[in-house]
Amino acid sequence: MSELQDFQKLVISNAAHVKGLSVGDKAPDFSLPNAVGKNVSLTEMLKSGIVIIKFYRGEWCPICNLDLREVQKNLAEIKSYGASFLAISPQSPDNALTAKEKNSLDYEVLSDADQKVIKAYKLQFNPGDDYHGRRDLTLLNGDGSKTLPVPATFIINTDQTIEAAHVEANYTERMGVAEILGALKVLTEQA
């Protein structure tokens, strides 16, 4: 096994205990700054329909950027279900702006710099000292911490109930757009 594979296994192992919130749980409300510093509230967004939230590690993460761009490519179809999309990372609003511009995103990219929302959704973990030797999170995270969110996606109905959740310690595995669209289809058919 290569050094990189060993490193990836270690990070995944350090995140394995993180389960996040589950289907049926009430999504904690929040108000976070977007890329230009304007606060965005979950309850306000839910007044317009279903909200999809994707927690990601940061604009420095290539897998996260691919994931965010894939959503962008399918944003019109997501919106056709009356849904909106948010991306949240522990980075500062400046870095959220970088992620938004770098990936040409037409949806809200929010900064959870103190990681209160990441904690409320039960996603925070410490990737370990070996990780910190490779990437200094204290310089990347808005609060200077050494913690990250486990990548996760939540589909939240207008009553704040989590209808679909994907929380995966293996940061290379994400809820894909096909799964998001499938869940949205089911939800709109049930309404």
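If you read the sequence from its start, that first residue is 1, and numbering goes on from there.
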Could you report the tightest heavy-atom contact between G128 and N126, atom names first, then the distance?
N-OD1, 2.8 Å
Residues two or more places apart in sequence or in another chain: which of them pass side-chain contact (heavy atoms from CB on, under 4.5 Å) with S80?
E77
L148 side, atom CG; S89 side, atom OG - distance, nearest 0.5 Å
10.0 Å
Could you check whether any side-chain heavy atom of F30 comes within less than 4.5 Å of a side-chain heavy atom of I88, counting everything from C-beta outward?
yes
Quick one: CG on N141 to CZ on R57, what's the gap to the nearest 0.5 Å?
11.0 Å
Using the salt bridge (charged side-chain N to carboxylate O under 4.0 Å, His left out) rule, collect all pairs that involve residues 39-50, keeping only residues at least two apart or in two chains.
E44-K47
Keeping the roles fixed (side chain from N157, backbone from T161), state whether a donor-acceptor pair exists under 3.5 Å.
no
Ignoring hydrogens and geometry beyond distance, is a side-chain donor-acceptor pair present between S84 and K79 at under 3.5 Å?
no
I'd like to check the side-chain contact (heavy atoms from CB on, under 4.5 Å) partners of D114; sequence neighbours left out, ordered by chain and number.
D112, K116
CG on L42 to OG on S31, rounded to 0.5 Å
10.0 Å
List for me each residue that meets side-chain contact (heavy atoms from CB on, under 4.5 Å) alongside Q124, sequence neighbours excluded, and say none if there are none.
Q115, I118, K119, T147
Quick one: does Y171's side chain have a donor or acceptor within less than 3.5 Å of a partner on I12's backbone?
no
Going by the salt bridge (charged side-chain N to carboxylate O under 4.0 Å, His left out) test, which pairs reach into residues 96-109, not counting sequence neighbours?
E59-K102
Please list all pairs passing the salt bridge (charged side-chain N to carboxylate O under 4.0 Å, His left out) test where one or both residues lie in residues 161-175, with sequence neighbours left out.
D67-R174
Could you check whether any side-chain N or O of K26 sits under 3.5 Å from a backbone N or O of I162, counting only pairs where one atom can act as donor and the other as acceptor?
no
Any sub-3.5 Å donor-acceptor pair from D136's side-chain atoms to T138's backbone N or O?
yes
So do the side chains of P90 and P149 get within less than 4.5 Å of each other, counting heavy atoms only?
yes
Check: L21 and P28 side chains under 4.5 Å, non-hydrogen atoms
yes
Side-chain heavy-atom pair Q160, L46 within 4.5 angstrom cut-off:
yes
Rounded to the nearest 0.5 Å, how far apart are CZ of F55 and OG1 of T153?
9.5 Å
Could you list the residues that satisfy side chain to side chain donor-acceptor pair (under 3.5 Å) with N103, not counting sequence neighbours?
N65, R69
Contacts of type side-chain contact (heavy atoms from CB on, under 4.5 Å), residue V167, not counting sequence neighbours:
L123, V150, A152, F154
Heavy-atom check, side chain of Q91 versus side chain of L140, under 4.5 Å:
yes
Could you work out the complete set of other residues in the hydrophobic cluster of L75, with links drawn between I, L, V, M, F, W and Y side chains under 4.5 Å apart?
I50, I52, Y56, L68, V71, I78, Y81, F85, L105, Y107, V109, I155, M175, V177, I180, L181, L184, L187
For the residue pair L32 and N39, establish whether any side-chain heavy-atom pair is separated by less than 4.5 Å.
no
Partner set under side chain to side chain donor-acceptor pair (under 3.5 Å) for S48, not counting sequence neighbours
none
Between V23 and A164, what is the shortest heavy-atom contact and its length?
CG2-CA, 3.8 Å
Residue K38 excluded, over 12 heavy atoms near NZ under 6.0 Å
no
Check P33 against P93 and note the closest heavy-atom contact, atom names and distance.
CG-CG, 4.1 Å
Checking K185 now: which residues fulfil salt bridge (charged side-chain N to carboxylate O under 4.0 Å, His left out) with it, not counting sequence neighbours?
E189
Distance-only polar pair, side chains of S92 and D94, donor-acceptor under 3.5 Å
no
Taking only residues two or more places apart in sequence, or in another chain, which ones meet E179 in a salt bridge (charged side-chain N to carboxylate O under 4.0 Å, His left out)?
none
